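Remember, it's a predicted structure, so these values are computed and weren't measured experimentally. In what follows, every heavy atom counts, from backbone to side chain, and hydrogens, waters and symmetry copies are set aside.
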Amino acid sequence: MGFVVLAWCLLGNHAHFVVKTGHVPLALLMARLNSRHAQRLNRRINRVGHLFQDRYKAVLVTTDGWLARDVAYALGNPVRHGLMSIRGLETYRYSGYGALVGTQPPRSFESPHAVTKALGVARENIRSFIHESALEPGAKGAALEPDQVAELDRLIRDCCRRHGVEERSLHTASSRGQAVRGEIFSLAESLLDLALIDVARRVGTSYRTAKRIIASQRSQ
C-alpha cells in the first residue's frame, strides 16, 4: 500500500503508529489493519462484534521537529507508562525500538535505515536520541499525547492569528506578546484541560513566568 512505518508500539489497550503515507489514504490502511485484527481476535477467543471503542486519532506531522518528537514518544511509550525499564524496551516484542537499536531483527514492515534517514540521526546515536527526546524527566512536551500537542498548537496559531502577531513574538517580553500568552494559558486550561506547566513548555516559557502572567491578567 506504499506506507513506510517509522515507529510503532503496541500496549495492552492501545497502540501508536507513525507512518509516512504514499498514494493510498491513511483511512484505508487503518480500516484494513483494524478490521483484520478484530476478525482474527474474534475467531481466536470466539467472540463477535466491534473490538475498538472509538475511531483512531490521526495527527498530521508537518515539521521535522514534530516528527522526531512523535517517533521518540511512540517508541518510549511502554517506559513512560511504567510497564518496563529502558533496558526492557530493547527486548520488548511489540515495538519498533529493538529493530531500530539493533537488539531485535527487523520485521518485514520495518526499515531502520528509513527511520534514521527521516530523523537525520546516525544509527549509533538513535538510542540516546530516543532517551533524551521522550524518556528523560522534564523533556519538552513529554507529558502531552500527540493529539494534545496538535490541539494545543492549533490553539496557539488561532490566538496569534486573532491578535495579529507571529508565533515567534510569544517569546519576547512585549506587552502584546504577554497578553497573547495569557490568553493561550487560560484557554488551554479551560478548553483543553491541559496542565499549565505543559502549556508553558510548549509556548517556550517557564512555569513561574506563566503563573505570573495569569496572575497579572486576573488582577487587571
Side-chain angles (χ1 to χ4, degrees), residues 1-22 24-30 33-34 52 54-84 86 89-90 92 94-101 104 106-107 109-123 125-157 167 188 192-195 197-204:
M1 299 178 71
F3 289 90
V4 177
V5 180
L6 298 178
W8 67 281
C9 182
L10 309 184
L11 292 101
N13 62 355
H14 70 284
H16 295 271
F17 300 96
V18 181
V19 298
K20 182 179 180 181
T21 58
V24 179
L26 178 66
L28 183 57
L29 169 69
M30 295 306 298
L33 183 66
N34 288 343
F52 298 100
D54 298 311
R55 181 185 183 275
Y56 65 91
K57 294 181 180 179
V59 178
L60 178 64
V61 177
T62 57
T63 67
D64 291 342
W66 195 346
L67 173 64
R69 184 193 58 78
D70 280 0
V71 167
Y73 182 91
L75 296 177
N77 218 245
V79 179
R80 294 186 55 78
H81 282 287
L83 302 177
M84 64 191 65
I86 295 176
L89 196 61
E90 297 184 355
Y92 184 55
Y94 308 107
S95 164
Y97 181 88
L100 196 55
V101 301
Q104 296 270 14
R107 297 174 185 248
F109 59 86
E110 293 179 308
S111 175
H113 174 71
V115 180
T116 54
K117 182 180 179 181
L119 297 179
V121 179
R123 182 79 180 272
N125 297 329
I126 197 69
R127 181 184 278 100
S128 60
F129 167 80
I130 299 296
H131 294 182
E132 293 172 3
S133 300
L135 306 179
E136 292 296 330
K140 184 176 181 180
L144 298 177
E145 295 278 355
D147 58 312
Q148 292 177 312
V149 174
E151 292 177 341
L152 178 56
D153 286 349
R154 190 178 301 115
L155 173 65
I156 293 172
R157 288 195 301 271
E167 289 187 38
L192 304 182
D193 195 29
L194 298 180
I197 187 170
D198 294 323
V199 181
R201 286 172 178 165
R202 195 67 184 169
V203 172

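Between Gly76 and Leu89, the shortest heavy-atom distance links the atoms CA-CD2, 4.3 Å. What you find for Gly96 and Glu110 is that their closest heavy atoms are CA-OE2, 3.2 Å. Smallest separation of non-hydrogen atoms from Leu6 and Ala114: CD2-O, 4.1 Å. Scanning both residues, Pro78 and Tyr92, for their nearest heavy atoms gives CG-CE2, 4.0 Å.
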Criterion side chain to side chain contact (heavy atoms under 4.5 Å, CB included) on Leu29 and Val24, from CA distance to verdict: CA-CA 8 Å; Leu29 169 69; Val24 179; 5.7 Å; no

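Considering Val71, Asn77, Leu10, Leu75 as possible partners of His16, the one that fulfils the side chain to side chain contact (heavy atoms under 4.5 Å, CB included) test is Asn77.
Between the CG atom of Asn125 and the CG atom of Leu119 there is a distance of 12.0 Å, given to the nearest 0.5 Å. Remark: Arg127 CZ to Glu90 CD distance equals 4.5 Å, nearest 0.5 Å. For the atom pair CG of Leu33 and CG of Leu28, the computed distance is 11.0 Å after rounding to the nearest 0.5 Å. The CZ atom of Arg55 sits 10.0 Å away from the CG atom of Asn34 when rounded to the nearest 0.5 Å. Rounded to the nearest 0.5 Å, atoms OH (Tyr97) and SG (Cys9) are 12.0 Å apart. Here the straight-line distance linking atom CG of Leu152 with atom CG of Leu155 works out to 6.0 Å at 0.5 Å rounding.
Counting heavy atoms from C-beta on, the side chains of Phe3 and Thr21 come closer than 4.5 Å. Looking at heavy atoms from C-beta onward, Asp70 lies out of side-chain contact with Phe17 at the 4.5 angstrom threshold. Contact annotation: the side chain of Asp153 approaches that of Arg157 to within less than 4.5 Å [non-hydrogen atoms, C-beta and beyond]. Considering only heavy atoms from C-beta on, Gln148 stays 4.5 Å or farther from Leu192 through its side chain.
Atom OH of Tyr56 has more than 12 heavy atoms from other residues, nucleotides or ligands within 6.0 Å.
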